[in-house]
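The structure under discussion appears below in the form of structure tokens.
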Amino acid sequence: MAHLSLLQGTKLVTGGMCNYITKRPIVVSYEVTLSCNCNCRHCDLGGVIEDEKQIKPEEYGNLTQRLKPVAAQISGGEPLLRKDIAAIVKAVKQAGVPYVILVTNGVLLNESNYLQLREAGVNQFSVSLDFPDERHDEFRRRPGLYKRLEQNLPQLAKLGFRDIILNTAITKVNVREILPLAKKAAEWGVDISYSAYTALRTGNKDYCLNNGEDLEILRQTISELLILKRRNTHLVNPELTLRDTLKFFEQGYMPNCKAGIRFLVVMPDGSLVPCSLHRSKYTTQKEMIEKFSRTNCCSSCYVAIRSYSEMSFLNHTKNLPGYIRQMVFH
């Protein structure tokens, strides 16, 4: 997690406590466009959507004031395809969100828009990376992407803000690359976070870890990641999340999903959906809870936005950076 001021840290903690009690979302993900300049093998998006209905930046501010999340994830598709992306970030930030994350494939990320987006209010840049080499290009169907990341991310890291996190979805095809990816993050001077692939998005189970050999590799890898975590390296996943990610793959499900309650998604047209994998549209969170969340039995994912927002409040405070805990609780 990138460095926060005392005021931001206090808002994050007190806002999280309030939202747990009042059943407001901890995190809202704004999918500002479904267009994308990649065509990733584990995703159902890819290509440009012509005449996509998109709400304006000020409408994002209004939605944020209504939903009152403590963290906002701005994603897509590829959010950097929107020419007004900085204005969207600014509107969300000014509506009172203490922590804003921008999720990007990195194709369009450069020093100019990186600094502009930081100025607008981005606290964390989450950049997707599936392999520690050019196999990433083939998986994302974007020639030259890995080389671009290899050139740009270390240069951005040298600016000294410590706000770039690589995001890796664990799949059957990259389970052996988890540790090399952690090494690559350290080499580039950035952090890394892992989440679990699910077939819900595409229906393609070819990338699921579904045999004993895959799971044994993952068990050993998670054990080694836990050791790295205790050495205070570039790995940002809480230990609990790493253990539960392994549990999800071992049992093939994770019950008690809080989609629509702890987190939800805003589509490009401003409609609300419970998550990016269940896109039934609702007008208000209250309607979503009544018609979806109360009877939701889905257990087929353990993606990052779910894994973080569903931690207990106690675990949230345990996994905040130490300097925030000290500022707020001491």
Side-chain angles (χ1 to χ4, degrees), residues 1-2 4 12-13 16 19-20 25-29 42 69-73 75 99 101 103 123-130 163-171 174-175 177-179 181-182 185-186 190-198 200 208-209 214-215 217-259 261-264 275-277 298-322 324-325:
M1 182 178 286
L4 296 178
L12 198 59
V13 173
N19 284 21
Y20 264 97
I26 304 300
V27 184
V28 170
S29 179
H42 63 335
V70 295
Q73 175 177 285
S75 63
Y99 203 79
I101 305 161
V103 182
N123 299 97
Q124 175 186 313
F125 294 81
S126 180
V127 183
S128 302
L129 187 68
D130 305 295
D163 57 5
I164 298 173
I165 298 180
L166 301 179
N167 178 40
T168 298
I170 299 172
T171 65
N174 72 358
V175 65
E177 308 302 327
I178 294 172
L179 290 171
L181 281 160
V190 301
D191 294 332
I192 190 166
S193 175
Y194 299 95
S195 62
Y197 168 77
T198 174
L200 271 181
C208 295
L209 278 66
D214 292 338
L215 290 174
I217 291 169
L218 183 62
R219 288 188 196 101
Q220 181 61 38
T221 300
I222 295 294
S223 295
E224 294 185 49
L225 286 179
L226 290 171
I227 294 171
L228 287 175
K229 177 72 179 175
R230 290 162 193 154
R231 292 175 182 168
N232 194 27
T233 62
H234 295 262
L235 178 61
V236 300
N237 294 89
E239 288 194 18
L240 176 64
T241 301
L242 288 171
R243 295 183 189 280
D244 281 349
T245 298
L246 174 60
K247 184 179 179 180
F248 168 76
F249 280 117
E250 287 179 330
Q251 62 189 20
Y253 64 93
M254 185 63 74
N256 303 318
C257 176
K258 302 298 183 184
I261 301 172
R262 296 286 180 245
F263 66 96
L264 58 87
C275 77
S276 60
L277 307 173
C298 180
S299 60
S300 299
C301 90
Y302 194 61
V303 293
I305 193 172
R306 177 183 174 188
S307 68
Y308 282 94
S309 63
E310 288 186 3
M311 286 193 297
S312 69
F313 179 73
L314 178 60
N315 281 321
H316 268 295
T317 56
K318 283 181 179 179
N319 288 293
L320 283 171
I324 295 179
R325 291 200 302 272

For T241 and S307, the nearest pair of non-hydrogen atoms, with its separation, is CG2-OG, 3.6 Å

Quick check: are there more than 12 heavy atoms from other residues, nucleotides or ligands sitting under 6.0 Å from CZ of R230?
yes

Donor-acceptor contact below 3.5 Å, side chain N237 vs main chain L242
no

Looking only at atom types and distance, does a side-chain atom of K229 sit under 3.5 Å from a main-chain N or O of E239, one as donor and one as acceptor?
no

Side chain of E310, backbone of R262: donor and acceptor closer than 3.5 Å?
no

At what distance, to the nearest 0.5 angstrom, does OG of S193 lie from NE2 of H234?
14.5 Å

When you look at L225 and L228, which way does the side chain to side chain contact (heavy atoms under 4.5 Å, CB included) test go after all the steps?
CA-CA 5 Å; L225 286 179; L228 287 175; 4.1 Å; yes

N256 versus R306, closest heavy-atom pair with distance
C-NH2, 3.7 Å

Listed partners of C298 passing side chain to side chain contact (heavy atoms under 4.5 Å, CB included), at least two apart
L200, H278, N296, S300

Distance (rounded to the nearest 0.5 Å) between T221 OG1 and L215 CG:
11.0 Å

Rounded to the nearest 0.5 Å, how far does NE2 of H42 lie from OG of S128?
6.5 Å

Which heavy-atom pair separates Q124 from Y99 by the least distance, and what is that distance?
OE1-OH, 3.0 Å

When you look at V236 and I192, which way does the side chain to side chain contact (heavy atoms under 4.5 Å, CB included) test go after all the steps?
CA-CA 6 Å; V236 300; I192 190 166; over 6 Å; no

Closest approach of D214 and V175, non-hydrogen atoms and distance?
O-CG2, 4.2 Å

Heavy-atom closest contact (S29 atom, S75 atom, distance)
OG-OG, 3.4 Å

At what distance, to the nearest 0.5 angstrom, does CD1 of I227 lie from OG1 of T233?
11.0 Å

CD1 of I165 to CG of L235, rounded to nearest 0.5 Å, is 10.0 Å

Stepwise side chain to side chain contact (heavy atoms under 4.5 Å, CB included) test for T168 and I178:
CA-CA 8 Å; T168 298; I178 294 172; 5.7 Å; no

Within the side chain of N174, is there an N or O that forms a donor-acceptor pair under 3.5 Å with the backbone of D130?
yes

Strictly distance-based, threshold 3.5 Å: is any side-chain N or O of Y302 a donor or acceptor partner for the main-chain N or O of D244?
no

Under the criterion side chain to side chain contact (heavy atoms under 4.5 Å, CB included), I'd like the reasoning laid out for I170 against T245: C-alpha separation, chi angles, the key distance, then a yes or no.
CA-CA 9 Å; I170 299 172; T245 298; 4.2 Å; yes

